[in-house]
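This structure is a prediction, so every number in the text was calculated from the model and none was measured. Just so we're on the same page: letters track the sequence lines, and every chain starts at 1.
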Amino acid sequence: MSETSVKREYRPAAMERRWQERWSESGLYETDEDPGKPKHYALTMLPYPSGDLHVGHWYPMTPSDTRARFMRMNGYRVFFPIGFDAFGLPAENAAINRGVHPYKWTMSNIENMRGQLRQMGTMFDFDAEVVTCDPEYYRWNQWFFLKFFEKGLAYRDEAPVDWCPSCNTTLAREQVVGPDRRCERCGTPVIKRNLAQWLFRITDYAEELLDFSRIDWPERVETLQRNWIGRSEGAEIDFDIQGYGPVTVFTTRPDTLFGATFFVMSPEHPAVEEITTPEQEEEVRSYVEKAGRMTEIDRTDVTREKTGVFTGAYAVNPANKEQIPVYIADYVLMGYGTGAIMAVPGQDERDWEFAEKYGLPIVRTVEPPEDFDGKAYTGEGPAINSGFLNGLEVEEAKERMTSWLGEHGEGRRAVTYRLHDWLISRQRYWGTPIPIVYCDACGAVPVPEEDLPVLLPEDAEFMPTGESPLKLDPDFYNTKCPRCGGPATRETDTMDTFVDSSWYQYRYLSPHYDEGPFDPERGKKWLPVDQYTGGIEHAVMHLLYTRFWTKVMRDLGLVDFDEPMLRLFNQGTILGPDGEKMSKSRGNVINPQEFVDRYGSDALRCFLMFIGPWNQGGPWDGRGIEGVSRWLRRALSLVSEGEATGAEADPAELDRRTEQLVKKVTEDLEAFRFNTSVAALMEQTNYLLGIKGRIDEAKWEAALRRFALVLAPFAPHHAEEMWAGLGEPYSVHEQAWPGYDESLIKTEEITLVVQVNGKLRDRIQAPADVAEETAKELALSSVKVRPHVEGKEIRKSIYVPGRLVNIVVG
RNA sequence: GGGGGCGUAGCCCAAUCGGCAGAGGCAGAGGACUUAAAAUCCUUACAGUGUGGGUUCGAAUCCCACCGCCCCUACCA
């Protein structure tokens, strides 16, 4: 190959296609099963098959691939699969709007994206692909559901769900968008509705989910999960309501019980109707109705003035036996604690506000500091007006009160979580049917394992009623009771799509295995996931669910570890050129195709890694890719014949820079610092081009080989081309990662910075191992330094080995 | 209201343990090549690190306050 052909005919797209064909023919990326190597399971979050792979997919996937390639070259057998999170509402919308069946729509999108995925030049093992809407997959969702049901971890309950009054359907949480909680489809504010729904008892695992000691995850995700789980320690206290009986409250401040001057229940509290006196009935009923009609946004607006209604009932404060009025107010939420509170205006800002408005008594039970001029006091201090607690500090008072409650049968120590059980019912077609049958005689009966999967009917009618097509399909829902054989009805709700993604990493191991969710033999070889990468937006949904799921799997005896993913890295989000999140509606989605055609996949991959730190994301700037493309072209030109001009280059410098490059890239890749790796590769390219033809041939080629090796994870096609150009045997991706020799990086001479009072005055050359005394003497003898120290007292001097001398003069 | 992150050249970003502010790229300027342009190659200007304090021999880096932008969360009893 002549140099002109390399220079003039740089056609990256064609070159890359050639290598992709070769990789595919030679099975280069079939998963390495060599038991002699340590395993590495690398996983990137699976995409939703929206139809096209855009830059928003390249951004998380290609650096993840670079890391997986790096591990492979480092001697690991690497499993790096990909699949499609194929259930979900967009497919159903396409069916309603365009009359295409969700299955067809989804599968044709997947077909399209498979080709696009291959273009990225990743080492994905496409044989392990999983498509979650395939019965072969969702059958196991149903199987898990049955196991959960057997263990009492799946149950049916009436639960308030987000309901869109315009679409006439419930919504998944992820479909409720924006700070004002609107329906994603029509923009209508959602309301809460009570419906019988299936839930998973994730709260049983709340305590264990708070333990992150077995995983190396970003602090941020741990904090988000911890806050989401929201563990609060305190006490439950029973308040006797006259003519009704005890109603329990949860409080984190049992020490303030003597200051509880009224009692508040959520309007949805089941006891409300019974305790309300006839005189208050009308007012209470109208308030309850109003609260029910209110949108979530209005209901939870903090700036809104507190409202409430007296029920006519009185409760007895167990500490001082005083009668306190019972109110209902919408600032008390049925979804937290017990749905009822003891109101202590003296120590709680919300209660203070309410007490002020309705003229209720306020008693302080913690002495505020003298200079305190606020209203409710929530800080530390001795107890007052509190009988046997008087004088005790808050912590001690809490303890004493809790013991007292226990001894007198008025309450108990309690822990409450903000975390709710996971509501998995969706009134949609395009999801996994919940394998339950309702029989008049036997109740809710699970579908026997051998009858799985419960298949989605193919001939469903899609109508824009908001009603699930399954509800309109007698052929689907009419069935026989598995227990008594009598007529029965199938559950028509389907599962939340987060169920699919809670265990997909296990299915990848054996996507066609039909004796269980995954082949345990494969599991032993590969589990758990060693490195997971994905966006932070999944911190409290997917990432919490999959931890929960794994713990249940462990308790079912399916796996013998506690956590699904040992390490997690959150990449940032690539934004549109306008700095906004890429979305079709904004019209700022970048299609990678034109860039791939023009500059090649390697250029796009490297550009995305070069933009900035991977965890930072940032706006797309189409001009930047030019520079990366130029660099790749220049890198490739290193292997062409060079024209020798100028003096012989320094071989020691070539060694030093080569070792340095390997070290830098090795350390950067370990820490996901792709941007600085690419910069180092560029720097080396510039240097190498500068000495081309002016150095010993063998040394030059050795340097290029090492360059190609460290380039390989970033620009797999270009590295392959270089490797072949150097006459090396296929493939560069089967080579070992080069090591580096620390001793070759060190120079014999160093530049010593000389400061006087911290200001730079001179730079002097010195031997690398120069002694402190010598260095200081050298510094003092500098002509540039002398004027600054002459006639002044030298107070002290600081020597940082190999770096600087700082002379402090008075 | 609560929690977190980020402010370095016109722009994207580097800077190891607190030790020479600049590695890389974009855009710009000048030049070479060309009939010309593109491409390519060479050369090159550009900031003192958001603001104000503090700690230190020494601060982009640590601490405090403020300003600006972004993200998460929100009556959690």
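Taking the ring centre of W58(A) as origin, the terminal cationic atom of R605(A) falls outside the region bounded by 6.0 Å and 45° from the ring axis.
rG48(B) has its base syn relative to the sugar, with a glycosidic angle deviating from 0 by at most 90°.
E777(A) meets the salt bridge (charged side-chain N to carboxylate O under 4.0 Å, His left out) test with no other residue; sequence neighbours excluded. Taking H542(A) as the reference, Y532(A) meet the side-chain hydrogen bond (donor to acceptor under 3.5 Å, both in side chains) condition, with sequence neighbours excluded. The side-chain hydrogen bond (donor to acceptor under 3.5 Å, both in side chains) check on R412(A) picks up E236(A), D238(A), with sequence neighbours excluded. In this structure K357(A) satisfies the side-chain hydrogen bond (donor to acceptor under 3.5 Å, both in side chains) test together with E305(A), sequence neighbours excluded. Scored by the ring pair (Phe, Tyr, Trp, His ring centres under 6.0 Å) test, F707(A) finds no partners at all (sequence neighbours excluded).
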N/O-N/O pairs, protein side and nucleotides 6-9 of chain B side, under 3.5 Å:
none

Quick test: give all pairs of protein nitrogen or oxygen and nucleotides 60-62 of chain B nitrogen or oxygen below 3.5 Å, distance rounded to 0.1 Å.
none

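Taking atom CD1 of I536(A) as the reference point, atom P of rG4(B) lies 14 Å away to the nearest angstrom. Spacing between atom CD of E353(A) and atom P of rG1(B) amounts to 15 Å, rounded to whole angstrom units. At whole-Å resolution of the value, CD1 in I807(A) and P in rU56(B) are 21 Å apart. One interatomic measurement links the two molecules: OH of Y599(A) to C1' of rA39(B), which rounds to 12 Å at whole-angstrom precision. With rounding to whole Å, D348(A) atom CG is found 14 Å from rG1(B) atom C1'.
Listed nucleotides: rG19(B), rA77(B), rC20(B). Nearest to the side chain of R350(A): rA77(B). Nearest to the side-chain atoms of I341(A) among the listed nucleotides rG4(B), rC75(B), rA77(B) stands rA77(B). When the nucleotides rA14(B), rC20(B), rC57(B) are ranked by their closest atom to the side chain of K796(A), rC57(B) comes out on top. Residue V332(A) places its side chain closer to rA77(B) than to any other of rG4(B), rC20(B), rA77(B).
Applying the side chain to side chain donor-acceptor pair (under 3.5 Å) test to every pair with at least one member in residues 792-803 of chain A, sequence neighbours left out, gives these pairs: K776(A)-S797(A). Sequence neighbours left out, not one pair with a member in residues 752-774 of chain A passes ring pair (Phe, Tyr, Trp, His ring centres under 6.0 Å). For the salt bridge (charged side-chain N to carboxylate O under 4.0 Å, His left out) condition, the pairs that include at least one residue of residues 666-682 of chain A, sequence neighbours left out, are K663(A)-E667(A), K664(A)-D668(A), D668(A)-R673(A). For residues 609-622 of chain A, the pairs satisfying side chain to side chain donor-acceptor pair (under 3.5 Å) are D621(A)-R623(A), with sequence neighbours left out.
Here the side chain of N317(A) pairs a donor or acceptor atom with the backbone of L257(A) at under 3.5 angstrom.
The phosphate of rG18(B) has neither OP1 nor OP2 within less than 4.0 Å of any side-chain N or O from R803(A).
Here the CG-CG distance, from L661(A) to L681(A), works out to 5.5 Å after rounding to the nearest 0.5 Å.
Within the shown strands, nothing qualifies as a pairing partner of rA39(B) under the Watson-Crick or G-U definition with both distances less than 3.5 Å. rC6(B) and rG68(B) make up a base pair, with Watson-Crick or G-U wobble contacts both under 3.5 Å.
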(message) Output one letter per nucleotide in nucleotides 23-29 of chain B: B when a protein non-hydrogen atom lies under 4.0 Å from the base, S when only the sugar-phosphate is that close, - when neither is.
(response) BBSSS--
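Judged by distance alone, with hydrogens and angles left aside, Q755(A) brings a side-chain donor or acceptor within reach of the base of rG19(B), the pair sitting under 3.5 Å.
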